[in-house]
Q: 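Below is one structure. I have some questions about it.
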Amino acid sequence: MAADAHATTLGLDHRKLAMWTFLGSEFLFFGAFVATFLLYVTTTAGGPGVEIFDIPFTSISSFVLLMSSLTMVLAHNAHRQGDLRRMRLWILATAGQGAVFLGGQVFEFTVFVKEGLVLTRSPFASSFYVLTGFHGVHVFVGILLLLSLYSLSLTGKVKKDQDLKTEMIGLYWHFVDIIWVVIFTVVYLIPEIAVG
Amino acid sequence: MSSTTTPKLRPTKETGVLSWLATTDHKRIGILYFFTTLVFFFLGGVESGFIRLQLAQAEQSVISEDLYNQIFTMHGITMVFLVVMPLSAAFFNYLIPLMIGARDVAFPRLNAFSYWVYLFGGIFLYSSFFLGGAPAGSWVGYAPLHATEGMSMGFYAIGIQILGLSSLAAAVNFITTILNMRAPGMTFMRMPVFIWMALVTNFLLLFAIPVIAVALFMLQFDTLYGGQFFQPGSGGDPILYQHLFWLFGHPEVYIMILPAMGIVSEILPVGSRKPLFGYAAVVFAGAAIGFIGFGVWAHHMFTSAIGPVARSAFALSTMFIAVPTGIKVFNWVFTMWGGKIRFTTPMLFSVGFVSMFVIGGLSGVTHAIVPHNAQQHDTYYVVAHFHYVLFGGALFGLIAGIYFWFPKVTGKLMSEKLGKWHFWTWLLGFNLTFGPMHMSGLLGQPRRTAVLPGELGATVELYNLLSSLGVIVLTGSALVFLYNLITSIKRGEASGDDPWNARTLEWMTPSPTPSVNFYRIPTITHRDEFWHRKYAEDESGKPVSIPAGASDDHDSDGDDDHAEEHIHMPDPSLWPFVMCLAFFPIAYGMLYFNPWLFALGALWLVVGYFLWITEPLAEGDDDDPEDADDHAAVGAAAH
Amino acid sequence: MRDRVTMRPPTRRRRPLHLLILALLALGLSACGDAEQNALLPAGPYAQEPHDLIIPVAIIALVVFVLVQGLIIYSSWRYRERADDDGSLPEQVHGNTRLEIVWTVIPALILAAIAVPTVQGIFSQMAEPDDDFMTIEVIGHRWWFEYYYPDHDIYTANEMVIPANTPVRLQMTATDPARDASQGVIHSFWVPRLAGKQDLVPGQTTFLNLQADEPGRFLGMCAEYCGLSHANMRIRVEALDDGDWQAWVDNQTSPATVPDEGTLEARGRELYGDLGDRQACASCHQVWEGDGSRSPGQGPDLTHLMSRQEFAGAIHDLDAENLRAWLADPESMKAMNYELDGIGMPNLNLTDDELDALVAYLLALD
Amino acid sequence: MSATETEDTGTDHGHHPTAREYVQIAIVLAILTALEVSTYFFDFGRIAIPLLIILMAIKFVMVAGFFMHLRFDTKIYSRLLYTGLIFALVLYSITLAIFVFERAPSA
Ligand code: HEA
Ligand code: HEA
Ligand code: CUA
Ligand SMILES: [Cu+2]
């Protein structure tokens, strides 16, 4: 608790405050990509459109990503209770699910490319790849963060009482998940019903 | 601070090149920003010299169309992204911690990171001149023109992206600092106006930078990798780029003006020896400008392909932004009203700011008269408008700040005599350069033309000649300033700690500011805290000076019992610098579509990041290294 | 750096020093001379309307300007520290709510007052003209404007001819990507004395109304930065009275002159259609000789070239000397880079003989 | 806003769900996702899209509220996050609306 008398003005940790500040701005980042996608959802220039989506497949990878949020929060929970071993287990599980999601995305992309949906095909193709691609980059960065947390906790650099680190990475991870919740609905499901 | 037993894990030297590369001291980073912007200002000024040389007469080709287009583009980019924004960042860096009573920013290493990213982004952009030609698509880089400009617009897209990253990191840093590191008692309504404007500006950056990031990524994909975002041939819509650009671009212009408004809001009261008139109104007006500023972007697109309802809506929102701005202007004027004004150089520049900015603001309002905007748009009338707000506004304010806080940084005064020369020639040269543009623009001279059309010659040639002559005056004036700056740094008169009889916290510390800033963090009981430590009010409300020493009006160093024994200052670190170097391989890798180069850069970044987070403290205690970045490790201490 | 100095023929170049002296002389005189591209001299209702709106706004702005600058100067003077000052502090005023309200409400009222006509103006500016109007299609190319008159099936370039006193509605777009290998970019059509500007966007259609009350020649230029030769993309509008207009239409709708066999012109016509292994003029230009329908190429329509006064984005007078220089080396006459991006007109390495013949032929296309 | 300074200090002291509660939340999320996906297999008619948007919003708020502790942390965090969200929603909605309703300057 505020053992430190000259704590911060708001009584909040800088890093957490900074993280939330940053996440607020990320909405404007992804929002612009989503808006672009919506604008171009039917602008396929004669190439493949939303009918190309494999909803069952994407549903599964979306589900995996959603569940990675559970393991992430369990990792934080374990860390908070000082159980680094269990924390590391959940961290690995989270990173693993993230990797599965990314693998799914790579697979999806290769299938689409085979079916003629290349980046240069149409505004639809460009906006689809760049939106989901940047989300993928965020997942990838998240995996790197998780792995660094994992290894640092092995070498004792991340200590029992430093669950804030796990929490921070968790915040980022959950945020990336939230964005996918939106993408899954707005990019995959709704266009599939409305247009596809 | 640093003990002799320090293992050589972190650089500890306090002088020399290495100490600057490794510095995490917000004051030194501020100084780095300052000198870097000077260099870029020189470049941007030289470019504007070529512009004016070319346009001095009609149908003249001193430089080719191609080169002219590169030069005016780089002039705009340089002045906006490499001069005004980072110069504001220099003030943020130096002043935010001092003005809120903190010892540094929330994330000192991230702060250094921001600076190096800025510097390398600027170098990257300028390298284009030697690598096949600089961007020639204007500072707005409209699609789909960019796609035909090839590599050069790749420099634009990637370069500005990098600069944006710098600003975004800085924005997060400063917001956290202002929200979370104020001295005890410094409530929001006791914050100096400059801090308020810094807060608003950084929120604008926070929400605007991601938008331009997206626009630039799309531009980059279109230009370099065959993306179809804005390609009309396959159904892409060029207007989308305009929306995204101006969604950022308009907040951006307030990003450039609000810091200057904050600066003059500090200087005018000191110069008039009265408190700021209507503090609350000025603060709320600033916040309102920032907020409304997000809702006016399409006023740059009145002649583009948007319909009448959209045009009307944006005309209205644009006009009404004059209301909060007017509130500020009138409050500034009434700060002077009834004062006892000392026209020192900073004060002259501040009054010049108010006066010149109003001219630019009023022409801004006339742009919003949409039917007539169709005549004004993309003419020199617009060029006049934005130079009056940017040069007459932002730059005048920032220069006022340079003169005002110079003693704080160096402990010396700048020459008042040269300062006055600088001011009057600057004012004259500025009006001579940009005043005539109002006329030439209204008469019909379009902007971004490499040749001043002969048929316009008779009507606007004289105005153009005057503009070109104005640059000569400005150059002379800039040299006076430069001379003043250098000689004053070397052998300026000692200023004492509080040369202006100022009001805010930073003047409580000795000048030049010691590296700890405050030996003892003050407790704040008033707005304009320092003033209230110097003056009390008698029964009739008249201020009476408190005899020196009767209160803790100065933050004396030394063996004061109250001084905290162990002041934990951020340790220097080389990693921000080393890590930022990765942006070169990343940027060129993306530009030349070289995956290996890109991968090298990415790996460099990751390794750099790892070294950064595992970096031990200089003092060798096994404290959590990340916590070195914040003095109050509440999170960790909580458990 | 791709550095290349463009040269214009001496006719359009003036000596810098000579000009400097002239300009200095003019300092004393009023700067209003021949004002053909002058936005402050409206010559038709679509330019008059915004003009009538901006004048009162400018007066309001001027009043605000004088007031605020007056306040600044007055308080700077009145409240400066005097030499005989006793060093005491002035009264410490913190603000005044009533004043705050005043300077919030008054500007808001002023703005509300100018907002009303602004919004009205926006809608009337964009609506179709009430009276019978003529439609002209405008296509922005890099770096010249093409006009098509759908009612008459006329193609022309750079110079737009309109009947005086008749509303004209321009239906505009930028280069059709299907016609031009390079993607189109945004341009803006602007003839200040006749109307404000409106952008031309590739892939979309925009509209602009204009009307000239009197016959006359009106100058303008592309007002949206469109790359290398944006400065050389100019516009001429020629408003004709009824008789002249009818004559013009009759001429334009008739097929091009075919020169007599054996003349130099005829030799030029042959070269026009066939330049051996070099690209023929006809592959980019059209000279309609009456057969089939008119269809534009990548370059301007030349059927009645000599009915125009200027060419190449209306930056050069259309005469034998300039034409010859143009055909010999287009890039010396106008900044272009055909080899690099395929935009503009290529240098076809014509011999002197070929130049003579081609110029003769072109000069016959009246 | 100065009142916030005396607000709760907001670090982790508040209520924390247990691991078990987290799993329960995840189960709810899984069910919601299943419901979402079912719109692809079954025809929901006109309610499909509103339903999807509502489900998305619920999932969003649940992850943010529970997994990211927004519900238990200081309001400042929520304000920061939702300010960004609202800005994005409003600005991009206006932009898209201009494309849909105001594309060409005139019909
Ligand atoms: C510091 C930067 C800055 C600032 C502060 C402003 C401030 C304003 N700008 Fe400006 N603007 C630019 C930088 C800036 N601008 C730039 C760079 C461009 C060109 C971009 C490009 O195309 O390259 C531009 C272009 C631009 C345009 C597009 C023009 C065109 O291309 O067609 C418009 C249109 O509405 C506009 C409007 C305004 C308005 C209404 C304000 C208002 O905020 C001004 C408000 C201030 C006042 C009005 C004065 C004080 C008020 C009073 C004294 C009260 C009483 C007043 C009244 C009752 C009127 N600006
Ligand atoms: C803050 C912003 C800023 C500033 C300060 C300036 C300053 C100047 N600008 Fe510019 N300008 C822009 C922002 C700015 N500009 C923007 C955004 C554009 C639009 C670009 C576009 O359309 O894409 C533009 C465009 C623009 C144009 C229109 C070009 C065109 O449309 O074709 C012109 C034309 O005259 C012009 C002129 C000038 C001049 C003469 C100065 C002068 O005032 C400069 C004076 C400065 C000097 C003369 C420097 C001398 C300094 C020294 C000698 C100090 C040396 C220091 C060291 C060695 C450390 N500018
Ligand atoms: Cu076409 Cu500028
Ligand atoms: Cu703007």
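Residue numbers start from 1 in every chain, and the chains themselves are labelled A, B, ... in the order their sequence lines are given, proteins ahead of strands.
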Q: Among C/T118, C/L71, C/I54, C/V119, which residue forms the greatest number of heavy-atom pairs with chain B at distances under 4.5 Å?
A: C/I54
Q: Is there a side-chain contact (heavy atoms from CB on, under 4.5 Å) between C/S75 and B/F334? Walk through the geometry before answering.
A: CA-CA 8 Å; C/S75 39; B/F334 274 77; over 6 Å; no
Q: Relative to chain B, which of C/A223, C/A112, C/S76, C/A61 shows the most heavy atom pairs under 4.5 Å?
A: C/S76
Q: To the nearest 0.5 Å, what is the distance between OG (B/S64) and CG (C/L228)?
A: 8.0 Å
Q: Test side-chain contact (heavy atoms from CB on, under 4.5 Å) on B/D378 and C/S188; report intermediate values, then the result.
A: CA-CA 10 Å; B/D378 271 344; C/S188 192; over 6 Å; no
Q: Would you say the side chain of C/M221 lies within less than 4.5 Å of the side chain of B/T449, judging by non-hydrogen atoms?
A: yes
Q: Determine whether B/E65 and C/N232 make a side-chain contact, defined as any pair of heavy atoms from C-beta on separated by less than 4.5 Å.
A: yes
Q: I need the residue from C/P107, C/C226, C/P117 with the largest number of non-hydrogen atom pairs under 4.5 Å to chain B.
A: C/C226
Q: Could you tell me whether the side chain of B/I239 reaches within less than 4.5 Å of the side chain of C/V201, counting heavy atoms only?
A: yes
Q: Let me confirm one number: the OG1-CD1 distance from B/T366 to C/I60, rounded to the nearest 0.5 Å.
A: 11.5 Å
Q: A side-chain contact here means heavy atoms from C-beta on lying under 4.5 Å apart; do B/F330 and C/L99 qualify?
A: no
Q: Quick one: CD on C/Q198 to CZ on B/F302, what's the gap to the nearest 0.5 Å?
A: 13.0 Å
Q: Kindly compute the distance separating CZ (B/R447) from CD (C/E224), expressed to the nearest 0.5 Å.
A: 9.0 Å
Q: Does B/K340 come within less than 4.0 Å of C/E81, counting only side-chain N to carboxylate O?
A: no
Q: Once rounded to the nearest 0.5 Å, what's the spacing between atom CG of C/L53 and atom CD of B/Q375?
A: 12.0 Å
Q: Evaluate the side chain to side chain donor-acceptor pair (under 3.5 Å) criterion for residues C/Q69 and B/S355: first the C-alpha distance (whole Å), next the side-chain angles of each, then the deciding distance (0.1 Å), finally the verdict.
A: CA-CA 6 Å; C/Q69 304 294 353; B/S355 171; 2.7 Å; yes
Q: Is there a side-chain contact between C/Y79 and B/K274 in this structure, where contact means two heavy atoms from C-beta onward sitting under 4.5 Å apart?
A: no
Q: B/L145 and C/I186: side-chain contact (heavy atoms from CB on, under 4.5 Å), yes or no, with the steps?
A: CA-CA 7 Å; B/L145 176 63; C/I186 302 175; over 6 Å; no
Q: Apply side chain to side chain donor-acceptor pair (under 3.5 Å) to B/N331 and list each qualifying residue two or more places apart in sequence or on a separate chain.
A: C/E100
Q: Would you say C/N96 and B/F277 make side-chain contact, with heavy atoms under 4.5 Å?
A: yes
Q: In terms of heavy-atom pairs under 4.5 Å, which option from C/I110, C/T104, C/L208, C/V105 contacts chain B the most?
A: C/T104
